[in-house]
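Notes follow once the structure below has been shown.
Just so you know, these numbers use all the heavy atoms, side chains as well, and skip hydrogens, waters and symmetry mates. Below, chains carry the letters A, B, ... as their sequence lines are ordered, and counting in each starts from 1. Quick caveat: nothing in here was measured; it's all calculated off a predicted structure.
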Amino acid sequence: MDGAQTDEKLTAKQYKSDYRPVWCPGCGDFSVLSAITKAMAELQLKREDTAVISGIGCSSRIPAYTSVYGFHGVHGRALALATGVKLARPELTVIVTGGDGDGFSIGGNHFLHACRRNVDLTYVVMDNQVYGMTKGQASPTTASEWEGSKLTPHGTGVNPFQPLAVALAAGANFIGRQFSGDPNACAKLIAEAIQHPGFSFVQILSPCVTFRPEQREWKQTVHTAPVEPTSDPGRAGKRLMSDDGLNMGVLYVGGRPVFQPPEGTGATLADIEQKFTL
Amino acid sequence: MDGAQTDEKLTAKQYKSDYRPVWCPGCGDFSVLSAITKAMAELQLKREDTAVISGIGCSSRIPAYTSVYGFHGVHGRALALATGVKLARPELTVIVTGGDGDGFSIGGNHFLHACRRNVDLTYVVMDNQVYGMTKGQASPTTASEWEGSKLTPHGTGVNPFQPLAVALAAGANFIGRQFSGDPNACAKLIAEAIQHPGFSFVQILSPCVTFRPEQREWKQTVHTAPVEPTSDPGRAGKRLMSDDGLNMGVLYVGGRPVFQPPEGTGATLADIEQKFTL
Amino acid sequence: MSNSPQSDTVSIALTGAGGAGVVTAGQMLLEAAATAGLYGLMARSSGPQIRGGESAAFVRMGPRTVTNLADAFDIHIAFDWLNVERFAAEIPLDPHSVVICDPSAGAVPEVIENSGARIVPVPLKDLTKEIPGGRVNMVGLGALANLIGLPEGTMASTLKKILRRKGEEALKASNAGVQAGRQAVAEMGVVRALTLPDKPPQTERWSITGNEAAGMGAVRGGVRFVAAYPITPATEVLEWLAPNLEKIGGLLVQAEDELASINMAIGGSFGGVPSLTATSGPGLALMMESIGLALTSETPVVVVDVMRGGPSTGIPTKSEQSDLNIALYGLHGDAPHIVTAANSVADCLFTTQWTVHLAEAMQTVGLVLSDQSLGQTRTIVDRPADEPFQAQRLVAEAPLENYRRYAVTDSGVSPMAIPGTPGGEYVADGLEHSPIGRPSSQTEDHMAQLDKRLRKILLHEYGDHWAEITGADAPETVIVTFGSSTGPVREAAEEATAWGLKVKVVSLRLLMPAQTTKFEEAIAGADRLLVVEQTHSRQFYRYLRAYYDLPRDVRVLNRPGPLPIRPGEVLSMLKEWS
Amino acid sequence: MSNSPQSDTVSIALTGAGGAGVVTAGQMLLEAAATAGLYGLMARSSGPQIRGGESAAFVRMGPRTVTNLADAFDIHIAFDWLNVERFAAEIPLDPHSVVICDPSAGAVPEVIENSGARIVPVPLKDLTKEIPGGRVNMVGLGALANLIGLPEGTMASTLKKILRRKGEEALKASNAGVQAGRQAVAEMGVVRALTLPDKPPQTERWSITGNEAAGMGAVRGGVRFVAAYPITPATEVLEWLAPNLEKIGGLLVQAEDELASINMAIGGSFGGVPSLTATSGPGLALMMESIGLALTSETPVVVVDVMRGGPSTGIPTKSEQSDLNIALYGLHGDAPHIVTAANSVADCLFTTQWTVHLAEAMQTVGLVLSDQSLGQTRTIVDRPADEPFQAQRLVAEAPLENYRRYAVTDSGVSPMAIPGTPGGEYVADGLEHSPIGRPSSQTEDHMAQLDKRLRKILLHEYGDHWAEITGADAPETVIVTFGSSTGPVREAAEEATAWGLKVKVVSLRLLMPAQTTKFEEAIAGADRLLVVEQTHSRQFYRYLRAYYDLPRDVRVLNRPGPLPIRPGEVLSMLKEWS
Ligand SMILES: Cc1ncc(C[n+]2csc(CCOP(=O)(O)OP(=O)(O)O)c2C)c(N)n1
Ligand SMILES: Cc1ncc(C[n+]2csc(CCOP(=O)(O)OP(=O)(O)O)c2C)c(N)n1
Ligand code: SF4
Ligand code: SF4
Ligand SMILES: [Mg+2]
Ligand SMILES: [Mg+2]
């Protein structure tokens with residue numbers, strides 16, 4: 001971590017730690033890390049007032065590679081952990097990072113409720129349609145016929161999870177998607193998401209070159225969403241239910257109020273104790 | 001349990017046990033119990049080949065009040081338990097019953113994945129927008145401004161969970177809603193859901209007269225869905241995202257294939273062991 | 001136990017169907033006793049119906065602190081016999097007992113008849129009918145008041161206070177009911193007199209439940225962030241905290257499940273705010289993985305476990321001490337943490353407060369064991385003293401350079417940077433890590449961090465609070481116990497002392513880390529050790545064997561819930577042994 | 001340990017960057033040794049990189065079953081020095097050791113230099129360059145083959161077998177590499193000769209890992225339904241089971257998390273199909289609540305816990321025995337269940353099979369402890385014998401009348417009705433219940449069911465399988481251990497015996513219920529007890545204290561992971577003590 005205690009602008013690099021990622025060469029997550037740090041630089045977030053929270057997985061290693069506060073929690077619970085951080089310390093910028101397994105498999109319930117609760121968090125999921133860290137099992141977003149895992153040798157036989165449609169149905173207010181192959185677009189989307197008040201959800205298609213080498217093809221297949229983002233949930237619902245999974249950009253922005261904890265009344269402990277007195 | 005080992009038709013009453021429900025007088029769940037047993041009689045399910053599985057909550061007490069096999073599991077895990085039963089014993093009819101807290105709060109993740117996995121289960125949720133069993137806290141479906149619980153004295157401040165929209169987004173193939181005040185309609189819907197192959201989801205508005213006495217008003221406000229059920233997910237998405245929560249009937253029926261476990265190859269243990277031999 | 005030192009208490013059981021209002025009557029009785037300058041407690045019990053089934057209230061009153069129920073009830077008032085056999089085991093009666101019942105309720109059940117108690121029919125319902133707006137529980141209350149010699153003025157002023165908001169009509173009807181009840185039993189005179197003080201105690205007294213006390217202790221200890229998922233019998237800790245935290249600028253958030261609530265609490269604490277959650281067995285089980293995260297990442301957090309009957313969903317509304325094992329040993333890996341147990345309703349306050357202090361001081365997990373019988377019992381007690389235990393976390397203050405979050409220090413505690421502190425940026429991790437917090441699978445790092453996490457809790461000076469020790473200095477027998485078994489054990493020990501036995505009671509408040517030396521000093525010289533616990537599998541005894549050297553002669557009095565340990569059981573064990 | 005009975009083994013470490021192919025070379029070496037009629041094992045280790053970082057393979061070969069790594073390596077071949085210091089602690093070298101390294105890799109690291117080993121530079125890379133399509137690991141393999149005296153024909157036939165599907169080209173290049181390697185070290189001769197048998201063993205031998213063995217044991221025991229959530233190092237149990245279950249008409253389903261996987265397994269078992277899941281510490285922690293459900297509802301289920309470094313996420317890729325506590329005591333409430341531990345790679349098969357049998361016979365939870373060092377180590381062993389332990393559940397057969405699922409029987413086991421059985425309709429429940437399965441909070445029901453659930457596991461006749469006992473009949477010292485520590489302990493004991501000490505080894509396979517009488521017989525007469533375990537907090541020792549009467553003189557050799565317990569450590573403790 002460089003010093004930069006002065007008023008100078010921080011560069012994206014200064015949001016990176018000097019710890020070398022454990023990722024495989026070519027992993028999409030390298031670009032996502034860059035995008036996140038670029039977004040931080042873009043917004044000139046104070047490093048000491050920013051926290052990156054994650055669960056477990058290759059993608060969940062992100063916190064250690066940034067120079068802000070971080071918490072590398074347990075598998076699937078990043079959103080709950082982050083909710084606690086943000087509610088206890090509302091002035092912090094809290095970013096949550098993780099994978100499709102961490103977020104949509106074991107963490108699915110917290111995903112639903114974070115969308116609904118609308119605490120001001122930014123959730124960046126590096127979706128590689130596989131469990132990278134545990135060496136290549138199907139995740140919820142894996143296509144049903146993918147036969148690459150010994151656990152599901154004939155494919156999962158299950159329709160892939162639609163994170164954006166579920167996020168919308170669960171009440172998320174900012175929904176976007178990008179491809180790690182375009183780190184600038186990712187940085188822009190993440191910066192927008194951070195600025196959005198309340199919960200924002202960003203899916204980033206981030207290839208796992210080791211267990212899903214065919215994902216290199218995403219470069220060819222992703223495309224900008226053909227329509228403008230909508231703020232009408234009904235319309236968004238229709239679109240996301242028939243989405244091809246490769247539309248890039250901000251896809252929905254709603255106007256729900258941000259979760260507001262109640263204000264204190266300035267009472268003292270003695271005031272509270274009063275109630276027990278005979 | 002009456003005998004009825006003959007070819008006579010079983011009545012709804014014969015699907016009830018002689019155990020007296022612990023419910024408060026007037027609780028909506030009484031009608032749901034009747035509706036479930038009526039549906040069973042309607043379909044003439046064999047009692048020994050039927051299992052009702054639940055978690056914990058007032059509504060989750062249903063299994064004990066039926067005369068079929070049952071499992072009263074732990075809070076929130078009924079769908080996982082039932083998935084195991086059905087996959088191990090595909091010839092059984094497996095019905096899952098529970099509440100909005102059990103199903104959408106602690107059990108939310110299994111709800112997502114049961115919708116997606118499409119194992120042939122029927123899931124009946126008695127939604128009373130409250131945790132009845134623990135004496136009246138807000139559930140995910142509780143309106144954000146409800147101030148009836150000491151845990152959330154100014155209301156939850158959180159948008160209520162939309163079970164049907166989430167079910168659709170998660171991939172559920174049969175989605176319907178009824179009001180416990182109309183047990184015949186409930187019975188009909190449940191029977192349809194049982195007959196539907198794959199996962200089917202039925203929400204029943206079932207008043208908690210003790211902690212949500214105002215729900216007696218549902219009688220006045222519920223209404224038949226003004227449109228025919230659709231099998232187009234996009235259209236259903238639009239509808240359910242702007243649904244008033246009081247539309248009754250079958251709201252979506254899709255055509256996704258049912259989860260199919262692989263067929264055995266007839267190998268013996270010796271065949272398997274062969275692979276280890278030098 | 002007629003000549004027990006506690007025989008200056010009066011014990012009353014009230015039972016009846018949901019509509020009878022036994023709990024209200026019980027509460028009024030306790031309140032009236034408090035007004036008369038007494039101490040006391042009220043526990044409750046109910047049948048399986050969610051609402052409106054049969055219920056029972058158990059009140060015990062006396063001139064000094066009452067911590068537990070007695071061996072038998074002096075008076076049992078039965079408004080009806082609805083499923084009373086379900087309560088029979090909870091209402092020990094003996095030939096000294098008096099049973100007041102309504103003849104219109106039908107025949108006296110055999111189980112009551114067989115107790116040998118004196119049965120006195122009183123036409124409670126008929127008397128009620130004559131009072132406009134009258135309620136049967138008020139008639140019963142009047143009868144009780146008379147039978148125990150409660151001054152008329154005391155009852156009247158209590159009713160006035162309690163029914164303040166119900167209006168004049170209601171008050172009038174209640175007073176009339178009480179009068180009718182008094183008259184109905186007037187002939188019997190006072191059957192079991194309250195020992196009334198000459199003047200009311202000068203100390204400030206509180207009316208509080210164990211669950212409220214745990215909440216208050218948390219707040220006194222400095223907790224300002226709580227994440228909650230309701231579960232019987234812990235819910236009231238959370239329900240008390242929600243509005244009260246808010247008043248003082250703290251926050252309680254309702255989570256989607258226990259996996260979320262524990263993680264939210266850990267997140268809040270990472271943010272620098274002392275945090276807590278409360279739950280019961282099934283919820284605790286769900287939290288264990290993440291409790292390990294708090295421990296390993298050295299993020300302090302407190303979990304209050306209000307125990308109920310187990311295993312699995314078990315008996316949610318009844319008490320047991322059987323979560324001891326999971327509290328002590330339920331984490332995977334080598335996971336040293338703090339486990340404490342509250343030894344009375346009032347002590348729920350101190351123990352929770354102290355545990356917050358300990359968890360914060362050592363940046364670790366503090367697990368407080370309470371149970372249903374403490375949490376849901378209301379007591380009249382002296383206001384718990386202010387104690388100097390607050391959250392005082394060792395924080396890393398700016399300016400920071402080359403900050404090492406998990407620096408290996410002599411004390412084992414390393415200064416913790418709180419977000420907002422420049423230069424303190426670190427990543428908290430549940431993976432084993434190096435001193436700067438990078439994941440490491442190296443043997444030296446693992447050893448250093450395991451040692452550090454253990455050292456900090458071993459080196460801490462716990463003072464005298466590790467146990468509460470009462471009784472003889474040079475005992476023949478030491479009784480070792482914990483939690484809610486402490487009350488009945490102490491009562492038995494006092495009685496035994498009156499009988500001439502030399503008995504000492506060691507009630508452990510700090511279960512982990514084991515205070516081996518202090519314990520062995522405390523039991524020194526005693527030939528016999530009696531272990532008392534409310535479990536089926538002798539969890540406490542096994543724990544004692546594992547961690548302390550015990551004298552050769554050890555006996556165990558253990559029993560699962562739902563029935564509380566009674567003083568008489570302990571006493572007969574002591575007598576049998578002597 | 002040069003004159004150890006195991007000194008007829010040869011130990012080799014191979015290290016290098018991801019591209020070097022050390023694991024492939026190690027596997028070929030083991031396979032070649034097997035072809036030559038030997039036994040052996042290969043363990044692996046790797047750095048933090050997900051793929052492609054440094055890795056290590058540890059091979060030990062000998063004329064009889066090899067259960068563990070030796071104290072030091074005879075030969076260490078380093079293809080490069082990439083982060084070798086990370087492995088240093090795992091590769092004990094001494095002055096008898098030979099280190100083969102490539103001079104082009106740069107200076108020999110200090111930690112290697114300091115070991116005193118003989119360092120022999122061999123230009124592995126340069127030699128490889130001369131071979132079209134050559135790979136450096138094959139050159140290394142050739143060098144090793146020569147240094148340990150592996151017959152040329154054996155190596156050639158092994159390569160042929162392994163490279164069958166890679167084509168002629170690849171085979172040719174590999175053979176050339178091996179030849180080049182052989183020649184490069186020809187001058188050195190055989191530095192550590194393999195003890196080759198005159199003729200290959202006549203028994204059928206298997207090549208199997210502990211995780212595969214656990215899977216095979218499950219299948220032999222009758223498991224036909226498995227629910228899975230991947231976690232290191234348990235994943236291979238599940239990955240082996242998925243395709244193999246399918247072949248025999250069973251099913252593995254991938255669940256969304258561990259809460260689901262354990263519940264799916266319980267559901268499958270309720271349906272009448274013997275069911276299992278496998279996980280590691282964090283997953284086990286998540287399962288505990290529902291494991292309590294299986295226990296209380298008396299639905300048999302088996303959970304295999306492949307332990308890794310803890311607490312929390314800990315050290316996922318390394319071994320430790322520190323989940324003992326959670327396995328024994330991690331359930332809330334009084335929750336008696338079966339806990340077993342596999343004592344070798346091959347024993348993962350028997351122990352899992354036996355545990356399936358036990359869980360099914362007693363309609364309870366069976367928890368099998370394995371660990372990373374067993375699960376992920378490949379061994380060459382004699383085919384594990386067929387054992388008569390299958391799932392044999394006591395089922396209630398039609399016709400049934402007044403069926404009582406939780407009937408209180410003498411054995412504690414009650415006939416279980418399987419869905420499909422008319423008249424057997426009952427509701428399995430985690431709430432405490434009456435004999436017919438209705439929720440009950442009555443003290444008699446609670447006591448009767450607690451007694452029943454305990455009685456059935458106490459009364460079961462476990463036979464000789466509760467422990468494996470080796471060594472002296474009238475020992476001075478008994479070593480008590482379990483799991484993967486058994487191998488090194490036995491090797492040390494054999495060595496100690498050769499030194500003239502009287503040592504007996506008791507390796508517990510059945511940890512719960514504690515077999516107190518059998519244990520006390522097994523240690524009878526010994527003055528000294530040495531406890532050996534791979535934990536930081538002496539979990540096994542505390543457990544022994546809690547459940548068994550131990551001799552006065554007890555010492556504990558305990559150490560956390562990631563390093564395995566070495567025979568030499570145990571031996572020096574024995575010597576020191578004598
Ligand atoms: C409770 C628990 N269960 C399982 C695991 C094992 N595990 C670690 S990461 C992971 C999946 C990661 O997948 P994903 O979130 O998609 O991340 P990726 O590695 O693909 O980036 C699993 C199953 C764990 N660490 N903890
Ligand atoms: C792990 C766990 N957490 C919490 C509880 C406490 N609990 C029991 S039922 C319930 C909520 C029930 O609400 P719902 O599912 O809506 O059912 P209802 O009673 O309203 O029918 C809760 C929180 C529990 N039994 N187990
Ligand atoms: S395994 Fe896949 S996701 Fe993980 S680091 Fe390698 S390429 Fe990236
Ligand atoms: S509390 Fe509500 S949901 Fe529960 S039984 Fe009573 S009325 Fe029904
Ligand atoms: Mg992934
Ligand atoms: Mg509800």
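In this structure, chain C has no heavy atom under 4.5 Å from any part of D/E258. Within the 4.5 angstrom heavy-atom criterion, no atom of D/L284 approaches chain C. For a residue to count as touching a neighbouring chain, one of its non-hydrogen atoms must lie under 4.5 Å from one of that chain's; by this rule D/N558 does not touch chain C. In this structure, chain C has no heavy atom under 4.5 Å from any part of D/R308. When heavy atoms are compared at a cutoff of 4.5 Å, D/L295 approaches chain C solely by way of its side chain, counted from C-beta outward. For D/H446, the part lying near chain C is the side chain, with the backbone staying farther off; criterion is any non-hydrogen pair under 4.5 Å. With a 4.5 Å cut-off on non-hydrogen atoms, D/D429 does not touch chain C at all. No part of D/S297 comes within reach of chain C, as not one of its non-hydrogen atoms sits under 4.5 angstrom from that chain. Of the two parts of D/I291, neither the backbone nor the side chain holds a non-hydrogen atom closer than 4.5 Å to a non-hydrogen atom of chain C.
Between chain D and the options C/G330, C/G292, C/G430, C/G310, the largest number of non-hydrogen pairs under 4.5 Å is found for C/G430. Ranked by heavy-atom pairs under 4.5 Å with chain D, the list C/D305, C/L293, C/L328, C/T317 is led by C/L293. Highest contact tally toward chain D, considering only C/S441, C/A285, C/G314, is held by C/G314 [criterion: heavy-atom pairs under 4.5 Å].
For the side chain to side chain contact (heavy atoms under 4.5 Å, CB included) test, residues two or more places apart in sequence or in another chain that qualify with C/T443 are D/A89, D/P562, D/L563.
Residues C/Y547 and C/F519 keep their aromatic ring centres 6.0 Å or farther apart. Separation of the C/Y543 and C/Y329 ring centroids does not fall under the 6.0 Å cut-off.
C/S373 and C/K318 form no side-chain donor-acceptor contact under 3.5 Å, judged by distance and modelled atom types alone.
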